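Protein chains get the first letters and strands the later ones, always in sequence-line order, with residue 1 at the start of each. This structure is a prediction, so every number in the text was calculated from the model and none was measured.
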Protein chains: 2
Amino acid sequence: MKIDPTHILKEHSLKHTKQRVRVLEEIALDTVAISQPELEKKLGKEIDRVTLYRILNIYEDKGILHRIMDMNGTANYAICSASCSEDHHHDEHIHFNCTSCNKIYCLDVAVPHSTMPKGFTAKTVNTTAYGVCEKCNLAVKKN
Amino acid sequence: MKIDPTHILKEHSLKHTKQRVRVLEEIALDTVAISQPELEKKLGKEIDRVTLYRILNIYEDKGILHRIMDMNGTANYAICSASCSEDHHHDEHIHFNCTSCNKIYCLDVAVPHSTMPKGFTAKTVNTTAYGVCEKCNLAVKKN
DNA sequence: GTAACAAATGCAATTGTATTGCATATATTT
DNA sequence: AAATATATGCAATACAATTGCATTTGTTAC
C-alpha cells in the first residue's frame, strides 16, 4: 500500500513530526496488521515507547488506523480504508488471525450484515476468523 | 442459566475442587460475559489470582467457557453452548460490546457465513459488534 | 477407610502491555 | 526569528498474565 504520510497528517490537522511519519511508513509496509510489540521492536531505537503508544492512539481516534485485538489481548494496527473517519470506522471487512504465526490479515471479504436486537445500537462490527493462514498451511505440508 | 458444575467437571475428566465449582457458579449467574478483573474482585478472597487464571484457561481449552477480548484487551468469559468441545468452539453467535458500560452480551443472532480465501482454513469465527446496549441507551434518554 | 500418587492450589517473583506526570524539545503561526 | 502550543522522552506506576516451586487436596487402588 502506497501512502503519503505528510498528506495524511495535514488532512487530520496533526503536526508533522518524524516519529509520526515513521509510524505511518512502517505500518503501510504490509497489508498484514502489525502488533504493538513488533512495532516497538522495529522503531524502539528511534521512538520512545510512550510516544509510540500516543501516536497509535491518536491515529486510531482520527480514523487513520484501525486496531484489532488478537487472542492474547495485544493491539494490532493496520491502515484504514479511505472511507474511515473520526466519527465512524468503516471497518467492515474480515480479519483473519492465524493461530500458528499469530499474524492478522485484512481479508477482502465483505461482512454480511446482521440486525441487532431492539434497543442495541451498533456502531461498528468486527469479525475475526481464527485458523491457519496460507503460509502456515503450506509450511505444514512441506514437513 | 442453570448448570451442574459437578456434572460438567466429570464430563471433562477434571478434578472436582471447590475453586473450580465456584468459578462455574459465578460465571453461570449471568448471560452477560464477565471479565477477569470482575471475577477476581468477586472471588479474590476465596481463590488465588493464579489459580483463577489457570482454571479459566483449562475451561477454555476444554470448550466449557469461551473467551472474548474486549476493546481494552481484557479477557471476558461466558459459558459455551452445549455443542462446544475441546476440538471445536461453536461460538458462532454475535457478541455485543457496549462502549458505555463495557459489558459483553451474547446475542441470539446467527452469524452469516463467509467463505475464506483459498489457503486459509478458519476454525472459529468471532463477530463482535461495538455500540450502546439497551440499558445504556435508556439511561441516556432519561437524562 | 486409608495409603499412595497425581494433580491442583497458593505464594513469591517476574514478564509484558499500557498509562500518567512532568520537564524538555520541536513544529507551526505571525 | 520569536512566541506559543503541542509533541516527545524519561521515570515511575498500574494492571493483566505467567512461571517455578513448595504445599495441599482429590482420586484410585487396596
Could you list the protein-to-nucleotides 22-30 of chain C atom pairs, N/O on both sides, closer than 3.5 Å?
unit_1 : atom_1 : unit_2  : atom_2 : d
C:dT28 : OP1    : A:His16 : N      : 3.0

Sugar-phosphate, base or nothing in reach of A:Arg20, heavy atoms under 4.0 Å: sugar-phosphate
All ring pair (Phe, Tyr, Trp, His ring centres under 6.0 Å) counterparts of B:Phe96, not counting sequence neighbours: A:Phe120
Test item: A:Val125 and B:Ile94 side chains (from C-beta on) under 4.5 Å apart, heavy atoms: no
Angle between terminal axes - the helix from C:dG1-D:dC30 to C:dT30-D:dA1, 5 pairs each end, rounded to 10°: 40°
Contacts of type salt bridge (Lys or Arg N to Asp or Glu O under 4.0 Å), residue B:Glu134, not counting sequence neighbours: none
Contact check, side chains of B:Arg67 and B:Leu56, non-hydrogen atoms, under 4.5 Å: no
B:Asp70 CG - C:dA18 C1' separation (whole Å): 14 Å
First and last nucleotide of DNA chain D, 5' to 3', lying under 4.0 Å from heavy atoms of chain B: D:dA16 to D:dT27
Sugar-phosphate only, base, or nothing, as touched by A:Glu40 at under 4.0 Å among non-hydrogen atoms: nothing
Side-chain N,O (A:Asn72) to OP1/OP2 (C:dT17) below 4.0 Å: no
Close side-chain approach of B:Asn102 to B:Thr74, heavy-atom, < 4.5 Å: no
Test side chain to side chain contact (heavy atoms under 4.5 Å, CB included) applied to B:Asn97 and B:Ile68, B:Thr128, B:Asn76, B:Asn72, the passing residue: B:Thr128
Salt bridge present between A:Arg22 and A:Glu25 (N-O < 4.0 angstrom): yes
For B:Thr6, side-chain hydrogen bond (donor to acceptor under 3.5 Å, both in side chains) partners two or more places apart: B:His16
